[in-house]
Protein chains: 2
Amino acid sequence: MSISSRFAVAIHILALLDINKEGRNTSEFIAGSVNTNPVVIRRVIGLLGKAGLVHTSPGVGGASLARLPREINLLEVYRAVQNDPPGELFAAHDKPNPKCLVGRNIQETLDTVFKRAESAMENELAKVTLDQIVFDLVRGDQ
Amino acid sequence: MSISSRFAVAIHILALLDINKEGRNTSEFIAGSVNTNPVVIRRVIGLLGKAGLVHTSPGVGGASLARLPREINLLEVYRAVQNDPPGELFAAHDKPNPKCLVGRNIQETLDTVFKRAESAMENELAKVTLDQIVFDLVRGDQ
DNA sequence: ATCACCTGTAACCATTGTAGTTACAATTGT
DNA sequence: ACAATTGTAACTACAATGGTTACAGGTGAT
């Protein structure tokens, strides 16, 4: 299965918070841009908040970036909204037969390969910062 | 969510087919090594067969590699058992609001980044061949 | 020809993650 | 007090997954 759209939504939210930094950015406003339910937005913002990427104003309403866009990279965002812990992008089959040469060693062999592939992906995400996303977004609009 | 354990199972099967190339390798035998149900094995072998990686002997029983282990890389295996089409590792949120600068352009921006990250992962898989897996497996057993 | 064995596949089930929705307590400015 | 908003719980519908049973069809041995 593919990686949850929460990741895409999170990036959307963060980009919007930067571009519309004058505005109030309530969950309802953001939901209008993402085209989903405000609760979905609040859930994602909750995760981003726990990760220290955004601040919210309960009662008042609205959210804002907790850091400069260039100090937020996509790997941080990915980790913030990802349920699975790092190192588990690829699922292993459990309890292969220890009486079999393959069953006895496959886990460790796969673990090495899988971690390498996962890291390669994450490194690409780490290279991209929010300000690059915003730049690309604005540029693409012309 | 993580990538289906079908991938791990598929690699397990292929490694076993190579190491136990003298044996008959029925789905039941393989299931014993993987520790799952024979039908699950047959399903995965079916996918590997369609991808041209293995041959089976209906009636007779057993499966075997259709190519030399060094001519099978993990990206091929990955594609063989993966349900999602290439380029969709990361899910996009659908129908963002075209009236919003962000909503109007986020899809394309994300697509570029997501594809880059996905390719980085796949490139790592493509580097690893089945004979390397088998070598590592056997080496780890000592 | 019969028989035992195996594959391929359909059908069904339980479990899990996801995303949308309603509802509401708690918070805050007016 | 009041209106607006966040944070969260609860519920729903849906899809993918992995396990299971069942069975039609192929194949070699006797």
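By convention in this document, chain letters (A, B, ...) are assigned in the order of the sequence lines, proteins followed by strands, and residues within each chain are numbered from 1.
- Formation of a donor-acceptor pair under 3.5 Å by the B/Ser4 side chain with backbone atoms of B/Arg6 is found in this model.
- Within a heavy-atom distance below 4.0 Å of DNA chain D, the residues of residues 45-64 of chain A found are A/Thr56, A/Ser57, A/Pro58, A/Gly59, A/Val60, A/Gly61, A/Gly62.
- A heavy atom lying under 4.0 Å from DNA chain D marks the following residues of residues 11-44 of chain A, by number: A/Arg24, A/Thr26, A/Ser27, A/Val39, A/Arg42, A/Arg43.
- When the side-chain nitrogen and oxygen atoms of A/Ser5 are compared with OP1 and OP2 of C/dA19, one or more of them lie within a distance under 4.0 Å.
- The interatomic distance linking A/Glu88 (CD) with C/dT16 (C1') rounds to 15 Å, in whole Å.
- A/Asn25 places a side-chain N or O within 3.5 Å of a backbone atom of A/Asn20 that can act as its donor or acceptor partner.
- Taking atom CG on B/Asp84 and atom P on C/dT18, their separation rounds to 13 Å, with Å as the unit.
- More than 12 heavy atoms of other residues, nucleotides or ligands shown are found within 6.0 angstrom of CZ on B/Arg67.
- In terms of phosphate contacts, A/Asn83 brings a side-chain nitrogen or oxygen within less than 4.0 Å of OP1 or OP2 of C/dT18.
- Not one N or O on the side chain of B/Glu124 forms a donor-acceptor pair closer than 3.5 Å with the backbone of B/Met121.
- Side-chain contact annotation: A/Thr109 with B/Asp136, donor-acceptor N/O pair under 3.5 Å present.
- A donor-acceptor contact shorter than 3.5 Å links the side chain of A/Asn97 to the backbone of B/Gly32.
- Of the possible polar contacts, none joining the B/Arg24 side chain to the B/Ala63 backbone as a donor-acceptor pair under 3.5 Å is found.
- Here the closest non-hydrogen pair linking B/Cys100 and A/Leu16 is SG-CD1, 4.1 Å.
- Taking atom CE of residue A/Met1 and atom P of nucleotide C/dT15, one finds them 18 Å apart after rounding to whole Å.
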